[in-house]
Amino acid sequence: MNEYIRTITALAWCLAWGKKHNLNHDELSTLHQMRQGLQQGQDVPESIKSVVQQAQHLYEIPKDCIPKTLNELKEKEDYLKLWEDKTPIGLVYGGATKIKQYIFEEFKLPDIRGASALLDRINLVDLPAFFGEGKRSLSIEEWLDNNFPDLRKALIPELIIYYAGGSILAFCPAAFVDDLANAIEKRYTDETLTANSCAVGDTFKLLEFRFGLLQDKIEDTFWFDKYEKNQENPIIKAYFDQSEVSDPFERFKHRKNFNELVGKLANHFTQRRNGHNISNTKRPSRCYPPMFETHPYVQRDESDRRSAIMSVELADSRFLSEPLARKRLVGEIAKRESSRTWYDKANLEWKPFDIWIPSWVNKFEKFLKEEDNQQLASKYYGDINKKAVEEAASLGEIASASNPSGFVAYIYADGNNMGSYIRQKIKTPQDYRLFSKDISNATEKSVYKALAKYLHPYQYTPDAKSSRINKEPVWIHPFEILTIGGDDVLLIVPADKSLEIAKTIGDEFEEYLSRTGRYSLEQTAPNLFAHRYTTGNVPPVYKCLLSMSTGVLITAQDTPIYYADKLVNQLLKSAKKYAKELKKDHKYYGGTVDFLVMKAVTMISSNIKEFREQGLIKNKDGQSKLKLYASPYTLYELGGLLETTKAFKKAEFPRSQLYQIRSLLERGKRTAILNYRYFRIRLTNEAAKQELKKQFESAWCQPKELSNNGNLAPWMSLQETDSQDANNSKMTYETIWRELVDLYPFIAEEADNTDESIQSTAPKVRQ
């Protein structure tokens with residue numbers, strides 16, 4: 001449906017419904033005739049034609065057309081008519097909160113998969129079903145009618161603005177704002193028992209959907225003339241100066257639009273999520289989140305958080321509480337397993353069998369079936385029967401597909417520049433809807449493309465420790481998609497392909513958005529100063545305002561998932577901080593990646609930032625600071641790091657010498673340079689030595705002085721710390737050597753004279 005028609009239908013529906021809680025049969029029939037008439041481009045019933053015209057008048061106002069003074073606003077007859085209409089329109093925003101706390105409170109992959117799938121089902125299936133969107137579910141309709149009578153009649157699909165990324169934003173008739181917000185929260189609690197959720201709503205006048213928040217007396221509204229006189233006030237400055245433009249009127253326009261209404265709801269959402277009761281509503285308090293009492297002498301479930309209610313004989317005998325049983329059941333349904341007898345025996349009331357449970361692997365398979373992706377599907381599957389490939393049952397199965405085996409990687413990606421883009425560009429409900437759709441599609445497709453490009457089905461032979469009952473060899477998809485929500489991605493993949501996958505996700509995300517033509521960045525030349533990696537190849541020209549930052553943690557398969565999640569979250573924050581610095585200093589809008597290879601759980605006792613600052617930054621000679629790592633990287637630099645690692649493998653650089661040079665880094669800049677040159681000269685392969693010089697020394701280790709033709713290998717100069725006093729200037733030197741050594745076992749050397757198409761369609765088989 002046309003986005004304009006969809007929004008006009010939503011606004012007209014809410015205006016026509018008015019403040020009533022119930023409509024008679026004739027009134028409801030008239031509304032549906034109006035909806036059908038708008039969809040088909042036909043006349044609407046005469047009795048409510050005026051409300052349709054009001055909604056149309058609102059959207060005839062250009063997005064950037066905003067009066068400079070209140071007098072201009074009041075003198076416009078069309079604006080005044082829209083303001084004088086006393087019928088409010090509801091707007092509701094809500095969704096799950098503390099998502100990771102709910103997902104990662106268990107430590108086994110099937111339970112984590114089930115928790116993620118259950119939240120996804122509520123967000124992607126249940127909440128849209130409130131409005132009649134998507135597949136019809138009698139159980140959801142029955143639940144809604146039993147708990148919130150008359151609400152379902154007041155909701156239509158056009159009211160939804162978006163429902164991706166774990167939250168929903170929707171219009172609503174004014175009388176049902178509290179009911180809809182309560183229904184959203186109650187649905188999460190009823191289905192999960194323990195997950196946190198929050199929803200808020202408010203009503204606004206029609207004109208506010210174009211010009212932002214206005215006072216009841218329009219002359220009391222804080223408008224541009226007052227803002228211009230008081231723009232240095234700290235409170236006013238913090239409220240309006242949220243964009244990069246310098247013109248005061250442009251800053252004011254970026255604030256006074258539909259986005260301001262959403263901002264008000266977001267503030268209320270934060271307050272309610274934190275336990276604050278908004279005084280002017282009669283809604284139930286959210287001060288006390290859902291919880292279950294335990295008893296010291298009662299058997300607890302495997303999470304040790306709640307009392308167990310059943311003992312289940314599965315592949316691993318275990319005690320389950322009801323919240324954990326629901327996670328395990330949904331995990332089995334999402335994994336397309338049919339054995340549910342253990343749940344039926346418990347005689348619990350909760351039955352999700354008639355509701356579709358989303359599976360990310362199923363969506364991945366459907367993506368590969370699309371006509372445009374046949375070549376990608378052929379590359380991924382090779383000669384394997386597609387129907388014979390199953391989902392991985394444990395981290396061990398994913399780790400077995402890595403080379404070396406026993407290691408997995410957690411990839412956590414999140415979008416950059418989203419907030420600033422929304423503040424500057426998103427000004428109407430249809431803008432929000434289109435933006436949400438673009439971001440969700442870009443994120444999903446970039447993940448699927450990256451997985452299909454670098455992974456293949458893997459034949460796994462279960463051992464005695466495997467949770468599989470059938471010990472016959474089985475083909476598996478060697479990855480786990482824990483969640484894809486809006487611009488948020490969390491994956492578990494084999495360690496040896498993790499960085500290529502992370503880089504491809506970032507590249508494909510930007511490429512997809514660039515192709516839409518809606519997120520263009522006016523940049524005609526490559527941003528050379530943002531990258532430390534310099535070769536004969538010119539860095540790409542980034543043409544997209546939006547990008548992704550990614551954290552990648554490579555670790556052993558037995559690392560506790562909750563601990564891995566905390567570390568990969570820290571890596572993501574580090575990558576996003578680096579992206580902000582590059583944007584500020586070099587106008588770089590592309591993606592960044594921070595990664596860490598952790599071969600032992602005891603490697604980091606505090607957090608990654610402290611570990612690096614206290615253990616990997618040295619100042620031996622008092623003149624220059626030595627930084628023994630180079631993370632985070634831009635996407636272009638990450639590609640260069642992978643190529644450099646392959647060059648070292650091709651040169652057959654002895655691994656013992658790699659480790660020795662790493663240990664010598666702490667002894668100072670000169671000692672490390674001398675030892676690197678000594679070991680490089682001793683290499684026998686002359687062609688490989690030249691490749692090493694090209695991919696490492698010339699690419700990474702050139703000095704800042706243009707007149708200096710030498711190199712600082714294994715160091716690269718980072719910055720001058722005292723540019724005011726030339727006699728007391730200090731340099732910071734950093735090196736990629738530590739990351740290079742960590743990655744060395746996980747990077748395969750590219751074979752010469754090998755048909756890439758044959759090599760790519762040969763999935764691994766390891767017994």
Side-chain angles (χ1 to χ4, degrees), residues 94-127 164-168 185 187-198 273 289-292 301-306 318 320-335 350 352 357-361 363 391-395 398 408-414 443-444 447 479-493 550-553 555 557 559-573:
T97 67
K98 299 183 179 179
I99 295 173
K100 288 193 173 183
Q101 175 182 301
Y102 173 73
I103 291 177
F104 291 109
E105 70 178 6
E106 319 301 340
F107 60 90
K108 292 188 176 179
L109 187 59
D111 302 324
I112 293 172
R113 177 190 291 128
S116 176
L118 186 51
L119 291 182
D120 285 334
R121 196 213 73 193
I122 297 170
N123 183 235
L124 301 176
V125 180
D126 295 14
L127 299 189
S167 59
I168 185 169
E185 291 184 356
R187 186 62 181 176
Y188 278 99
T189 303
D190 278 7
E191 294 299 292
T192 67
L193 299 179
T194 57
N196 281 269
S197 63
C198 182
R273 181 185 60 190
M291 61 176 292
F292 285 76
D301 65 11
E302 291 202 350
S303 68
D304 202 35
R305 293 172 180 264
R306 286 169 284 275
R318 58 193 313 197
L320 302 178
S321 60
E322 186 169 359
L324 182 53
R326 293 188 182 188
K327 292 179 183 179
R328 169 50 69 98
L329 176 64
V330 172
E332 289 185 355
I333 298 173
K335 195 184 168 188
W350 189 72
I357 305 291
S359 166
W360 291 113
V361 171
K363 291 183 179 181
E391 297 184 30
S394 66
L395 288 180
I398 298 174
V408 296
Y410 296 81
I411 299 177
Y412 187 16
D414 190 43
T443 305
E444 274 197 51
V447 169
F479 61 85
E480 181 70 31
I481 302 176
L482 293 178
T483 184
I484 302 177
D487 64 335
D488 216 35
V489 175
L490 185 56
L491 313 172
I492 304 176
V493 299
T550 309
V552 181
L553 177 70
T555 186
Q557 68 184 64
T559 300
I561 292 182
Y562 70 88
Y563 180 57
D565 171 63
K566 289 182 180 179
L567 294 182
V568 77
N569 191 50
Q570 293 173 31
L571 291 169
L572 173 63
K573 289 180 179 178

Exercise. Would a distance-only check, ignoring hydrogens and angles, find a side-chain to backbone donor-acceptor pair under 3.5 Å from Thr443 to Gly486?
Worked result: yes
Exercise. What do the steps show when you test Asp414 against Asp487 for side chain to side chain contact (heavy atoms under 4.5 Å, CB included), and what is the final call?
Worked result: CA-CA 6 Å; Asp414 190 43; Asp487 64 335; 3.4 Å; yes
Exercise. What heavy-atom pair brings Tyr188 and Gly166 nearest, and what distance separates the two atoms?
Worked result: OH-O, 4.1 Å
For this session: Please report the C-alpha distance between Phe107 and Ile561 in whole Å, then the side-chain angles of each, then the deciding distance to 0.1 Å, and finally whether the side chain to side chain contact (heavy atoms under 4.5 Å, CB included) criterion is met.
Result: CA-CA 6 Å; Phe107 60 90; Ile561 292 182; 5.6 Å; no
Exercise. Considering all heavy atoms of both residues, which atom of Thr192 and which atom of Pro323 are nearest to each other, and what is their separation?
Worked result: O-CB, 4.1 Å
Exercise. How far does CD1 of Ile99 sit from CG of Leu119, to the nearest 0.5 angstrom?
Worked result: 6.5 Å
Problem set entry | Verdict with supporting geometry, Asn569 and Lys100, side chain to side chain contact (heavy atoms under 4.5 Å, CB included) | CA-CA 11 Å; Asn569 191 50; Lys100 288 193 173 183; 4.0 Å; yes
Exercise. Going through the checks in order, is the side chain to side chain donor-acceptor pair (under 3.5 Å) test met by Ser394 and Gln557?
Worked result: CA-CA 9 Å; Ser394 66; Gln557 68 184 64; over 6 Å; no
Seminar exercise, completed: Glu185 meets the side chain to side chain donor-acceptor pair (under 3.5 Å) criterion, sequence neighbours left out, with Arg272, Arg283
Problem set entry | Closest heavy-atom pair and its distance - Asp301, Ser321 | OD2-OG, 2.5 Å
For this session: Could you tell me whether Lys573 sits above the aromatic face of Tyr412, with NZ or CZ closer than 6.0 angstrom to the six-membered ring centre and within 45 degrees of the axis?
Result: no
For this session: Find out whether the Lys NZ or Arg CZ of Lys566 is both under 6.0 angstrom from the six-membered ring centre of Phe104 and within 45° of the ring's axis.
Result: no
Exercise. Are side-chain heavy atoms of Pro110 and Arg328 found at a separation under 4.5 Å?
Worked result: yes
Exercise. Between Arg306 and Glu322, is there a salt bridge with N-O shorter than 4.0 Å?
Worked result: no
Exercise. Does a side-chain heavy-atom distance below 4.5 Å link Val361 with Ile481?
Worked result: no
For this session: Find out whether Leu193 and Phe292 are in side-chain contact, i.e. whether some heavy atom of one side chain is under 4.5 Å from a heavy atom of the other.
Result: yes
Exercise. Got Glu444 and Trp360 here, is their nearest side-chain heavy-atom distance under 4.5 Å?
Worked result: yes
Exercise. Could you walk me through whether Asp111 and Arg318 pass the salt bridge (charged side-chain N to carboxylate O under 4.0 Å, His left out) check?
Worked result: CA-CA 12 Å; Asp111 302 324; Arg318 58 193 313 197; 2.9 Å; yes
Problem set entry | Under 3.5 Å: donor-acceptor pair, side chain of Ser197, backbone of Ala96 | no
Seminar exercise, completed: When every non-hydrogen atom of Gly331 is compared with those of Arg113, the smallest separation belongs to O-CD, 3.9 Å
For this session: Would you name the heavy atoms of Glu480 and Ala392 that are closest together and state the gap between them?
Result: OE1-O, 4.2 Å
Exercise. Just how far is it from atom CG of Leu482 to atom CD1 of Ile103, taken to the nearest 0.5 Å?
Worked result: 7.0 Å
Exercise. Any side-chain heavy atom of Val330 sitting closer than 4.5 Å to one from Arg121?
Worked result: no
Exercise. Are Arg326 and Glu191 close enough for a salt bridge, meaning some N to O gap below 4.0 Å?
Worked result: no
For this session: Look up atom CD1 in Ile112 and atom CG in Leu490, then write down how far apart they are to the nearest 0.5 Å.
Result: 9.5 Å
Exercise. Do other residues, nucleotides or ligands put more than 12 heavy atoms under 6.0 Å from Lys98 NZ?
Worked result: no
Exercise. Under 4.5 Å between any side-chain heavy atoms of Thr194 and Glu105, yes or no?
Worked result: yes
Problem set entry | Nearest-0.5 Å distance that lies between atom CG in Asp126 and atom CG in Leu118 | 8.0 Å
For this session: Taking the side chain as every heavy atom from C-beta outward, state whether Ile492 and Tyr410 have any atom pair closer than 4.5 Å.
Result: yes
Seminar exercise, completed: Distance col, row Lys363:NZ vs Ile484:CD1, nearest 0.5 angstrom, shows 8.0 Å
Problem set entry | Contact check, side chains of Leu491 and Val447, non-hydrogen atoms, under 4.5 Å | yes
For this session: Taking Thr559 for its side chain and Thr555 for its backbone only, find out whether a donor-acceptor pair lies under 3.5 Å.
Result: no
Problem set entry | Atom of Val552, atom of Leu571 and distance for their closest heavy-atom approach | O-CD1, 3.2 Å
Seminar exercise, completed: Separation between CG (Leu329) and CG (Leu324), nearest 0.5 Å, reads 11.5 Å
